[in-house]
Amino acid sequence: LLRSSEWTTAPATFAYRDVSGEERTVDLPEGSLAFTFCQVPVVYHRGTDTETMVITAHLVDGTTEEHPGGRLSTDLSASVFRREGRVAALTVHV
């Protein structure tokens, strides 16, 4: 589903509006791509073929939660869908 042309070939900056309407940016390294989902930035990073997909949730309180297997907890998913502002960003290694 991800075309090779969608991945960055050089470092870049991704701009978006967060759930409070504030303009934000995320620095993207080479070999990544970004989009928002319910105004939460989601940054994909390419991994090796042997890696398991891992989602890291970056919470607004400065903590992180790792979710192997490519699934967020029901609680975090609901928070994103409700646009509560609890999740600052999601990083996905694929």
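Numbers for residues simply follow the sequence, beginning at 1.
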Val43 with Phe14, same ILVMFWY side-chain cluster at under 4.5 Å:
yes
Is there side-chain contact between Leu72 and Leu90, with at least one heavy-atom pair below 4.5 Å?
yes
Taken to the nearest 0.5 Å, the spacing of Arg17 CZ from Arg24 CZ works out to 11.0 Å
Closest non-hydrogen contact found for Arg86 with Ser79 is CB-OG, 3.3 Å
For the hydrophobic clusters of this structure (ILVMFWY residues joined by side-chain heavy atoms under 4.5 Å, transitively), does one cluster hold both Trp7 and Leu28?
no
Non-hydrogen side-chain atoms of Val87 and Leu59 separated by less than 4.5 Å
yes
Gap between atom CZ of Phe35 and atom OH of Tyr16 - 0.5 Å precision
13.5 Å
Path from Val80 to Val19 over hydrophobic side-chain contacts below 4.5 Å:
no
Spacing of OG1 belonging to Thr9 relative to CD belonging to Glu30, to within rounding of 0.5 Å
6.5 Å
State the CZ-OG distance between Arg83 and Ser20, to the nearest 0.5 angstrom.
12.5 Å
Any donor-acceptor pair under 3.5 Å linking the side chain of Gln39 with the backbone of Asp18?
yes
Would Val40 and Leu33 show up in the same hydrophobic cluster when neighbours are defined by side-chain heavy atoms closer than 4.5 Å?
yes
So, Thr63 versus Asp61: side-chain donor-acceptor pair below 3.5 Å or not?
yes
Any chance the side chains of His58 and Thr91 put a donor and an acceptor closer than 3.5 Å?
yes
